[in-house]
Each structure stands twice: as C-alpha cells, then as structure tokens.
Amino acid sequence: NKMDIQNQQIKKIEGRVCRSIRPLWEEGFCDDIRLFMDSSFENRVEKSSALVMEEDGKALAMLWLTTGRLRMKTGNSSQVIEADYAAGAVSGETQRHSGFMGRLLREACLQQYEQKHPFMYLLPDAAAEYELFQLIYVFNKPKWTLQPEFILKVLPLLKGETRETISIRYERKILQAAEDVREEKLHTGSDMLQIRPMEEADISHVADFAASWLEHRCQLFAERSGDYYRMALQEMHARQGDIFLLLNDDNVVGYFLYGPDKNEEIQEVLVLPEYEELLIEPAPERRPAVMGRIMHLPSMLSLIRSRQKIEVFMKYTDNLIEENNGYFYWKSGPEESVVKKIGSEEVKGKLYAETSADRFCAFLFGREPAEKCFTFNGGYLWEMVGLLHSLEQVQTLSDICVNEII
C-alpha cells in the first residue's frame with residue numbers, strides 16, 4: 001500500500017548531519033565495502049548535503065548531493081563553476097517504485113535552479129529512470145586495460161605484496177615536429193621508469209600533474225586539489241586498492257587508480273602521451289557513464305562561447321523546471337556570451353530555434369549535431385539554413401572529464 005502522500009515531507013540536511021542517514025545508505029548499497037562506506041561518510045559530509053523524504057520522522061528515501069568545483073574552457077576563457085554531483089539515490093526496501101526518487105530529483109533541480117547552478121551530473125544505476133527527467137549521458141568513461149607485460153611487472157604492487165619501487169626499462173622514441181624546419185629529437189636508447197604506490201608526500205605533485213594534464217586535454221573537468229587526492233587515496237585504501245605512480249627521474253609522468261572490488265578494473269588513468277603505449281593498451285573501450293542535465297539555463301548559456309559572433313532567438317522547453325520555459329535571446333562570440341529571457345511577442349515574425357532540456361544538453365555536450373537538436377520556426381528555408389550554420393559555430397563541450405571516485 002502506498003503511503004499517504006500528504007504525510008511525506010522533503011527535508012534538506014547538510015554537513016555532518018548527513019551521517020544520520022547512513023542506515024538508509026547501507027540498506028540501499030549493502031554491497032559497498034564497509035571501510036569504503038566509513039571513509040565516504042568521514043570525508044564527504046563536510047561538503048555535502050542530502051534531500052530526505054520523511055514520514056513521521058522516519059527517512060524513506062534520500063538523494064545525496066556534493067557541490068564540486070569544475071573548470072570550463074570555452075572560447076578564449078577558462079572559468080571555475082560550481083555544479084552538484086548527485087549520488088546515493090536510494091529508497092527504503094518497502095518504499096521502492098513509489099515515485100519518491102522522482103520527487104527528490106525534482107526538488108533537487110528546483111533548488112539548484114534557485115542557486116543558479118548551470119548543470120547537475122550523476123552516475124546512474126538505471127539510466128531509463130533519469131531519462132524521464134530529461135537527463136542524458138554526457139561522459140563516456142574509458143575502460144582502460146594495462147599492457148600485459150606491464151601487468152606482470154607490477155602485479156606485486158597491485159596485489160599489495162610489496163610497496164617497493166619497481167623499475168621498468170623503456171625505449172624513448174624520436175619525436176619530430178613536422179611543421180618545424182628543424183627536427184626536435186630526444187636521445188634514443190634506454191631509460192628507466194619507476195612505478196610505486198602513491199604516498200601522502202606525493203599529493204601536491206600529483207595534483208599539479210593532473211591540473212596540467214586536464215588543462216591541456218579537456219574543456220570541462222573537476223578541479224583536482226590536494227584534498228581531492230588525499231580523499232581519493234583514503235578511499236582507494238578502503239577499497240583494498242591504491243593509486244600507483246609512474247615516475248621518470250622522480251617526476252610524475254602518470255598514475256592510475258586500481259581497486260579490486262570493481263572487477264579489478266583500472267578506475268582512472270592520467271599519463272603523458274609519450275608513455276601511454278607503455279602503460280595501457282591503445283583505443284580503450286568507452287561506455288556511457290555519467291548523465292547530466294541543465295539546471296539554470298541562463299547561467300549555462302552565459303558560459304558557452306562560439307567561434308564566430310552569433311545571435312539566436314530560441315524557444316526552450318523544460319518539463320521539470322518551469323522557470324526555464326520560454327523564449328530567449330542569445331548572443332555569443334569568442335569573448336563573451338549574453339542571454340536574456342524575452343516575451344513571446346518579441347519573436348513574432350522572427351526566425352527562432354526550438355529545443356528541449358534533453359536535446360539542448362545533448363547539443364552543448366557534443367553528443368548530437370545541431371541539426372538533430374533543433375527545429376526552426378518562422379522563417380524561409382534559406383534563413384533556417386543560416387541559423388543552423390550559426391548554431392554549428394558554438395563551441396560544444398565534447399572533451400570532458402567528470403570521472404568521480406564513487
């Protein structure tokens with residue numbers, strides 16, 4: 001029997017108070033390693049909040065939210081934004097399939113709209129449930145595979161049999177810059193690389209390495225601070241795994257996260273291009289992993305740049321956040337992006353593009369081309385072709401890394 005909906009309330013709790021909902025977490029995620037759960041509740045609560053569905057003081061369902069700092073590179077600018085990562089979506093065993101998660105997700109979206117967060121992202125258990133709320137996949141996670149010879153050499157480290165540094169000989173390749181008149185060559189011959197588990201003293205060096213790697217390779221990524229790696233190291237230890245460093249002359253040139261509780265998969269690899277072939281097999285399989293949704297449309301649009309100056313009238317439909325619905329005027333270029341909500345009378349007789357929350361998200365995150373994400377109204381065919389060309393100038397976010405630990 002479904003409970004009386006009038007008796008249920010949604011309450012927001014923050015910080016250490018989130019520890020009070022651990023019993024519900026344990027009920028929903030009973031397969032989690034207890035040490036990992038201990039580590040998560042110890043490390044994450046200070047920066048987290050949760051929406052809890054209650055009846056008579058009893059928690060029936062919860063949605064855990066952690067606000068993270070992400071760096072976005074669009075046009076000629078690089079900006080730090082705040083976005084919520086949703087996790088721990090769980091209902092009590094007797095309350096499942098009661099619509100509670102939909103209500104919690106709706107409330108989370110409304111609150112993030114009020115905070116003007118541009119978007120939210122999450123790691124789904126069942127994508128179809130979230131697609132109902134116009135969430136789509138925005139990040140395909142690589143499935144990394146270590147080179148067989150490499151596995152044999154580092155197996156004692158992976159199994160925790162030793163923490164001693166292991167040296168590996170490798171052949172350095174000749175690098176040639178084809179566009180240069182001169183050839184830039186590194187010496188040929190043999191060098192030694194070191195592989196060892198990461199220690200507390202390595203954290204600042206790893207954070208610097210990751211910041212540089214992500215800045216050069218990605219348009220949107222979670223900032224990797226020392227605190228991030230300190231927490232990651234603790235959580236990998238809790239999973240009976242570790243973070244392993246690849247070093248050349250004591251300089252970090254790569255690392256990987258290995259946790260045997262996740263089917264012995266490599267959970268993340270960051271390595272300089274010249275060492276990739278040594279460490280991992282090429283062309284890793286990529287599978288949809290992280291879903292996202294636009295929260296506050298004007299905030300999101302204000303972050304997006306285009307290669308050329310464009311002006312677009314747009315009708316936007318959002319089935320979850322009423323305030324996002326309506327007509328917008330969007331002006332963008334390499335240096336700035338300006339958006340204004342307008343009335344329907346302002347588009348009378350004008351050509352405008354029409355889209356929805358999920359289709360527009362698919363466009364901005366480079367999942368689908370503009371022609372599949374917009375329909376056009378109010379103009380001649382040649383004008384529609386021109387507007388489509390303008391939208392194709394938008395610098396979409398196709399290279400992203402939102403590879404959370406949990």
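Keep in mind that what you see is a predicted model, and the values were worked out from it rather than measured.
In this structure the side chain of Pro142 reaches within 4.5 angstrom of the side chain of Arg286, judged on heavy atoms. Between Phe209 and Leu272, some side-chain heavy-atom pair lies under the 4.5 Å cut-off. Side-chain contact between Phe119 and Ile81: present, with at least one pair of heavy atoms (C-beta onward) separated by less than 4.5 Å. Looking only at side-chain heavy atoms (C-beta outward), Tyr137 and Pro124 come within less than 4.5 Å of each other. Between Lys143 and Arg287, some side-chain heavy-atom pair lies under the 4.5 Å cut-off. For the pair Phe328/Leu297, a side-chain contact is recorded, criterion being any heavy-atom separation below 4.5 Å from C-beta on.
Closest non-hydrogen pair, Arg106 versus Asn319, comes out as NH1-O, 3.9 Å. In terms of heavy-atom proximity, Ile321 sits nearest to Met295 at CD1-O, 3.4 Å. In plain terms, the two heavy atoms of Leu70 and Ala222 that are nearest each other are CG-CA, 4.0 Å. When all heavy atoms of Ile310 and Val394 are compared, the closest pair comes out as CD1-CG2, 3.8 Å. Closest approach of Arg305 and Pro334 over heavy atoms only: CD-O, 3.8 Å. Across every non-hydrogen atom of Ala357 and Tyr316, the tightest pair is CA-OH, 3.1 Å.
By the neighbour-count criterion of 12 heavy atoms within 6.0 Å, atom CZ of Arg69 is sparsely surrounded, having that number or fewer from other residues, nucleotides or ligands. More than 12 heavy atoms of other residues, nucleotides or ligands sit less than 6.0 Å from atom NZ of Lys341.
For the 3.5 Å distance criterion, the side chains of Ser48 and Thr66 qualify, holding a donor opposite an acceptor. Of the N and O atoms on the side chains of Ser225 and Asp227, not one donor lies less than 3.5 Å from an acceptor on the other residue. Counting only N and O atoms by type, the side chains of Tyr329 and Glu346 include no donor and acceptor under 3.5 Å apart.
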Given side-chain contact (heavy atoms from CB on, under 4.5 Å), test Arg293 with Leu320 step by step and report yes or no.
CA-CA 11 Å; Arg293 191 190 198 284; Leu320 199 60; 3.3 Å; yes
Show every donor-acceptor pair shorter than 3.5 Å between a side-chain atom in residues 372-392 and any protein atom, with sequence neighbours excluded, or say none if there are none.
unit_1: Asn377; atom_1: ND2; unit_2: Glu354; atom_2: OE1; d: 3.0
unit_1: Glu383; atom_1: OE1; unit_2: Tyr380; atom_2: N; d: 2.7
unit_1: Ser390; atom_1: OG; unit_2: Gly386; atom_2: O; d: 3.3

